[in-house]
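Comments concern the structure below.
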Amino acid sequence: MTDPLDVAKLQRRLADFAAARDWRQYHTPKNLVAALSVEASELVEIFQWLTPEESARVMDDPDTAHRVTDEVADVLAYLLQLCDVLDIDPLAALDAKIDRNERRFPAP
């Protein structure tokens, strides 16, 4: 049985992958943010000319679903690497942001 995935394990795998290829030297915050932006744009490109209805069904086509899944993985990989380099706990950051948004935008 495989160990369950968690953010720290994924970040370690990404760091090990980069270190084995001597890529850590390129993983500066600036470069990681740029790569994150590029990958997010590649995700946007898939949806760019779809109607709202088509976009809601994007995962129905196996080829498009595969592209979307790959781009989501790329975005997440660069975000996790950025958090690792900047020593940000992404889950704690998200939890704190939700708390702030709940205070900022109270439910009616």
Side-chain angles (χ1 to χ4, degrees):
M1 183 174 170
T2 329
D3 288 337
L5 294 176
D6 64 38
V7 171
K9 283 182 186 177
L10 291 171
Q11 285 176 303
R12 181 83 269 133
R13 283 188 70 195
L14 289 165
D16 290 347
F17 182 89
R21 289 152 183 84
D22 198 25
W23 291 351
R24 296 274 303 180
Q25 61 184 316
Y26 305 110
H27 289 184
T28 64
K30 179 191 78 68
N31 288 350
L32 291 169
V33 168
L36 176 60
S37 176
V38 168
E39 295 302 337
S41 294
E42 289 178 6
L43 184 59
V44 169
E45 182 181 27
I46 297 168
F47 291 86
Q48 184 174 10
W49 302 113
L50 300 181
T51 66
E53 296 78 18
E54 290 169 333
S55 71
R57 296 187 311 270
V58 75
M59 299 304 282
D60 293 347
D61 175 63
D63 289 335
T64 306
H66 179 73
R67 288 178 55 216
V68 169
T69 301
D70 274 358
E71 295 306 335
V72 165
D74 289 342
V75 168
L76 183 57
Y78 282 118
L79 181 59
L80 291 178
Q81 289 174 87
L82 178 66
C83 288
D84 187 38
V85 166
L86 295 178
D87 198 26
I88 295 170
D89 178 337
L91 298 182
L94 177 57
D95 189 51
K97 180 66 174 187
I98 293 169
D99 286 346
R100 286 191 304 278
N101 283 343
E102 287 174 337
R103 287 189 301 276
R104 187 173 171 202
F105 306 105

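This chain uses plain numbering: 1 for the first residue, then up along the sequence.
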Exercise. What pairs meet the salt bridge (Lys or Arg N to Asp or Glu O under 4.0 Å) rule with one or both residues in residues 26-49, with sequence neighbours excluded?
Worked result: none
Exercise. Where is the tightest heavy-atom contact between A93 and I88, given as atom of each residue plus distance?
Worked result: CB-CG2, 4.1 Å
Seminar exercise, completed: Using a 4.5 Å side-chain heavy-atom cut-off and chaining through intermediate ILVMFWY residues, the residues clustered with F105 come out as none
Exercise. So which heavy atom on A77 is nearest to which on L14, and how close?
Worked result: O-CD1, 3.6 Å
Seminar exercise, completed: residues 89-104 vs salt bridge (Lys or Arg N to Asp or Glu O under 4.0 Å), sequence neighbours excluded, gives none
For this session: Keeping to residues at least two apart or across chains, list the ring-ring contact (aromatic ring centres under 6.0 Å, His included) pairs with something in residues 11-48.
Result: F17-W23
Exercise. With sequence neighbours excluded, what pairs up with D84 under the salt bridge (Lys or Arg N to Asp or Glu O under 4.0 Å) test?
Worked result: R24
Exercise. With sequence neighbours left out, what residues match L76 under side chain to side chain contact (heavy atoms under 4.5 Å, CB included)?
Worked result: L80
For this session: Mind checking side chain to side chain contact (heavy atoms under 4.5 Å, CB included) for A35 and listing every partner two or more places apart, or none if nothing turns up?
Result: Y78
For this session: Could you pull out all residues at least two apart from Q48 that satisfy side-chain hydrogen bond (donor to acceptor under 3.5 Å, both in side chains)?
Result: none
Exercise. Can you list every pair that meets side chain to side chain donor-acceptor pair (under 3.5 Å) and has a residue in residues 12-22, with sequence neighbours left out?
Worked result: R12-D16, D22-Q25
Problem set entry | Close side-chain approach of P90 to L79, heavy-atom, < 4.5 Å | no
Problem set entry | Connected via hydrophobic side-chain network under 4.5 Å: V72 and I46 | yes
Seminar exercise, completed: Here the pair of heavy atoms bringing V75 nearest to L36 is O-CD1, 3.3 Å
Seminar exercise, completed: dist L82:CG -> T28:OG1 (nearest 0.5 Å) comes out at 9.5 Å
Problem set entry | Distance (rounded to the nearest 0.5 Å) between S37 OG and L32 CG | 12.5 Å
For this session: Scan for side chain to side chain donor-acceptor pair (under 3.5 Å) pairs involving residues 56-67, sequence neighbours excluded, and state none if there are none.
Result: D61-T64, H66-D70
Problem set entry | Shared hydrophobic cluster for L86 and V33 (ILVMFWY, side-chain gaps under 4.5 Å) | yes
